[in-house]
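These numbers come from a predicted model, not from an experiment.
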Amino acid sequence: MEPCLAHGDGVFVRSVQSDRPLRPGDIVVVRHPFQQAVTMVKRIESIENGRFRLLGDQPEESTDSRSLGCFDPKLVHGRVLASVPRGSA
């Protein structure tokens with residue numbers, strides 16, 4: 001998600017259930033659809049038939065909806081509210 005988020009940055013996430021509806025442009029934390037232990041941070045490009053088309057900010061290096069298809073809303077943990085640069089405390 002660089003340059004918006006660098007690898008290793010921490011993120012503050014608000015649960016989807018307690019927040020406003022997700023919309024294009026939001027950055028979300030989402031579970032990988034085929035590797036349940038893997039979470040990813042992606043940007044919502046669009047919402048199609050109730051499913052999210054997610055893209056990384058570096059398309060040439062991102063695993064996202066271009067290879068995985070649209071994401072079921074059940075896979076979305078929440079919306080990123082803020083980030084903390086790696087090494088800050």
Could you tell me if the side chain of S62 sits less than 4.5 Å from the side chain of L55, heavy atoms only? no

Do E45 and L54 make a side-chain contact, defined as non-hydrogen atoms from C-beta onward lying under 4.5 Å apart?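 SC-SC contact between E45 and L54 ruled out.
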
Any donor and acceptor pair, going by atom type alone, linking the side chain of R53 with main-chain N or O of P24 inside 3.5 Å?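 Pair absent, no side-chain N/O of R53 close to backbone of P24.
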
Between R43 (side chain) and G25 (backbone), is there a donor-acceptor pair under 3.5 Å?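 Checked: pair present.
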
Starting at [atom1] of [X], measure out to [atom2] of [Y] and round the result to the nearest 0.5 Å.
X: C70; Y: N49; atom1: SG; atom2: CG; value: 8.0 Å
X: I44; Y: I27; atom1: CD1; atom2: CD1; value: 10.0 Å
X: R31; Y: Q36; atom1: CZ; atom2: CD; value: 4.5 Å

Report the residues that fulfil side chain to side chain donor-acceptor pair (under 3.5 Å) with R51, sequence neighbours left out, ordered by chain and then residue number. none

Can you name the side chain to side chain donor-acceptor pair (under 3.5 Å) partners of S46, sequence neighbours left out?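 Side chain to side chain donor-acceptor pair (under 3.5 Å) check on S46 returns E48.
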
Is any side-chain N of the basic residue among D26 and R20 closer than 4.0 Å to the acidic one's carboxylate O?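 The answer is yes: the pair qualifies as a salt bridge.
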
Apply the test side chain to side chain contact (heavy atoms under 4.5 Å, CB included) to residues R79 and L81: give CA-CA distance (whole Å), side-chain angles for both, the deciding distance (0.1 Å), then the verdict. CA-CA 6 Å; R79 183 173 58 92; L81 300 175; 3.5 Å; yes

Flag for K42-S65: side-chain donor and acceptor within less than 3.5 Å: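 Per modelled atom types, S65 and K42 side chains form no pair under 3.5 Å.
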
Checking side chain to side chain contact (heavy atoms under 4.5 Å, CB included) against M40, which of V29, D64, V28, L68 comes through? L68

